[in-house]
Chemist: 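The structure's right below; bear with me while I get my questions together.
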Amino acid sequence: MQVKVLHFAQLRELCGATEEVLTVRINYSVSEAWDLLIKHHTPLADLPFRPLPAVNGAYASWETTLSDGDELVFLGPMSGG
Amino acid sequence: MARDNRMLIRLVYEAINVEDLTQWIHSEAAGAVVVFHGRVRNHSNGKRVIALEYEAYETMAEAMLRQLAEDAQGRWHTQRVAIVHRLGAVPIGEDAVVIAVASAHRSEAFSACEELIDRLKDVVPIWKRETTEEGSHWVGESRLFIGEEGRRT
């Protein structure tokens, strides 16, 4: 199945892309997707924080199981306002 | 953009039109209107700020802002809530965010407005990149990250 990952702010710069598509096995978890991203973009391993995952525009847990077509984002520390 | 008669949520790439907001928030049932302006200041941690740029995960940011406004309506019985956040480059001295709250009495409007800006900073996926004389970096202020792995970015 395929999962679309969007990148913003610091993570966007470290990944060098605004989005990418991961092709993964069924029942892949958010946590596994993060590990895969780190393999693709090694600078992510050195982040001084653990990002917060969001699936389809809502906060999700690391154990969340992904579905085909999901939109996944790892949020770095926010600073709106 | 979400707009109904009790809530106005917007992300904009130009100067925030405060006059529009104050017209929208007006209601004869509201005895109090509190308006908060979050502005770009010219210094940060003792350094001169040269530029500030905001970026958002827009679909989620709008959904979260809508949620915050709904929560304020539930908790503080606000009559109207408007939240407008600017994205892209924001010059020094201009509004990055404006929150307007109307309620029957002042205490609810003050409380709701303060809670809205605090929660916005914590949970809404918006980020700012600050450029000072010494360089450029992503600011991290969300309290969701404090203490995690023992550091705040």
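The sequence lines fix the lettering, A, B, ..., with proteins before strands; numbering per chain opens at 1. The figures here come from the full heavy-atom set of this structure, side chains too, leaving out hydrogens, waters and symmetry mates.
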Chemist: Assess whether atom CD of B:Glu70 is packed by more than 12 heavy atoms of other residues, nucleotides or ligands within 6.0 Å.
Modeler: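 Enclosed: over 12 neighbouring heavy atoms sit under 6.0 Å from CD of B:Glu70.
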
Chemist: Would you kindly confirm whether B:Phe110 and B:Leu68 end up in one hydrophobic cluster when ILVMFWY residues are joined by side chain heavy atoms under 4.5 Å apart?
Modeler: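 No, because B:Phe110 and B:Leu68 fall into different hydrophobic clusters, even though each may have its own neighbours under 4.5 Å.
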
Chemist: Answer with side chain, backbone, both or neither: which region of A:Leu75 has an atom nearer than 4.5 Å to a non-hydrogen atom of chain B?
Modeler: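 Backbone plus side chain of A:Leu75, per the 4.5 Å heavy-atom cut-off to chain B.
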
Chemist: Using atom types as modelled, flag every donor-acceptor pair under 3.5 Å from a side chain in residues 87-101 of chain B to any protein atom, sequence neighbours excluded.
Modeler:
unit_1, atom_1, unit_2, atom_2, d
B:Glu94, OE1, B:Arg86, NH1, 2.5
B:Asp95, OD1, B:His37, ND1, 3.2
B:Asp95, OD1, B:Arg39, NE, 2.7
B:Asp95, OD2, B:His37, ND1, 3.0

Chemist: Test of understanding: clusters of I, L, V, M, F, W, Y form through side-chain heavy atoms closer than 4.5 Å, transitively. Do A:Val3 and A:Val21 belong to the same one?
Modeler: no

Chemist: Considering only heavy atoms from C-beta outward, does the side chain of B:Met60 approach that of A:Tyr59 to under 4.5 Å?
Modeler: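 Counting from C-beta outward, B:Met60 and A:Tyr59 do come under 4.5 Å.
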
Chemist: Side chain, backbone, both or neither: which part of B:Ala56 has a heavy atom under 4.5 Å from chain A?
Modeler: backbone

Chemist: Working to the nearest 0.5 angstrom, can you tell me the gap between A:Arg50 CZ and B:Phe145 CZ?
Modeler: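 Nearest 0.5 Å value for the CZ-CZ distance: 11.0 Å.
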
Chemist: Should A:Glu71 and B:Tyr57 count as side-chain neighbours, where that means a heavy-atom distance under 4.5 Å?
Modeler: yes

Chemist: Could you state whether B:Val40 and B:Ile50 fall into the same hydrophobic cluster, counting links through intermediate Ile, Leu, Val, Met, Phe, Trp or Tyr residues with side-chain heavy atoms under 4.5 angstrom apart?
Modeler: no

Chemist: Is it the case that over 12 heavy atoms from other parts of the model lie below 6.0 angstrom from the NE2 atom of B:His137?
Modeler: yes

Chemist: Does the B:Ser142 side chain pair with the main chain of A:Met78, one donor and one acceptor, at a distance under 3.5 Å?
Modeler: no

Chemist: So, do B:Glu55 and A:Arg12 sit near enough that their side-chain heavy atoms are less than 4.5 Å apart?
Modeler: yes

Chemist: Do side-chain atoms of B:His85 reach the backbone of A:Gly81 as a donor and acceptor pair under 3.5 angstrom?
Modeler: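 Looks like yes, one N/O pair under 3.5 Å.
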
Chemist: Between the main-chain N or O of B:Lys128 and the side-chain N or O of A:Ser79, is there a donor-acceptor pair closer than 3.5 Å?
Modeler: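 Confirmed, A:Ser79 side chain pairs with B:Lys128 backbone.
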
Chemist: Please tabulate, for the side chains in residues 25-36 of chain B, all donor-acceptor contacts under 3.5 angstrom to protein atoms that are two or more places apart in sequence or on a different chain.
Modeler:
unit_1, atom_1, unit_2, atom_2, d
B:Ser27, OG, B:Ala29, N, 3.1
B:Ser27, OG, B:Ala30, N, 3.4

Chemist: With a 6.0 Å cut-off (strictly less than), is the heavy-atom count around CG of A:Asp68, excluding the residue itself, greater than 12?
Modeler: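 Check passes, neighbour count above 12.
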
Chemist: Could you look at B:Val123 and say if it's the side chain, the backbone, both or neither that has a heavy atom under 4.5 Å from chain A?
Modeler: both

Chemist: Should the pair A:Phe8 and B:Trp127 be assigned to parallel (<30°), tilted (30 to 60°) or perpendicular (>60°) ring geometry?
Modeler: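 Correct class here is parallel.
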
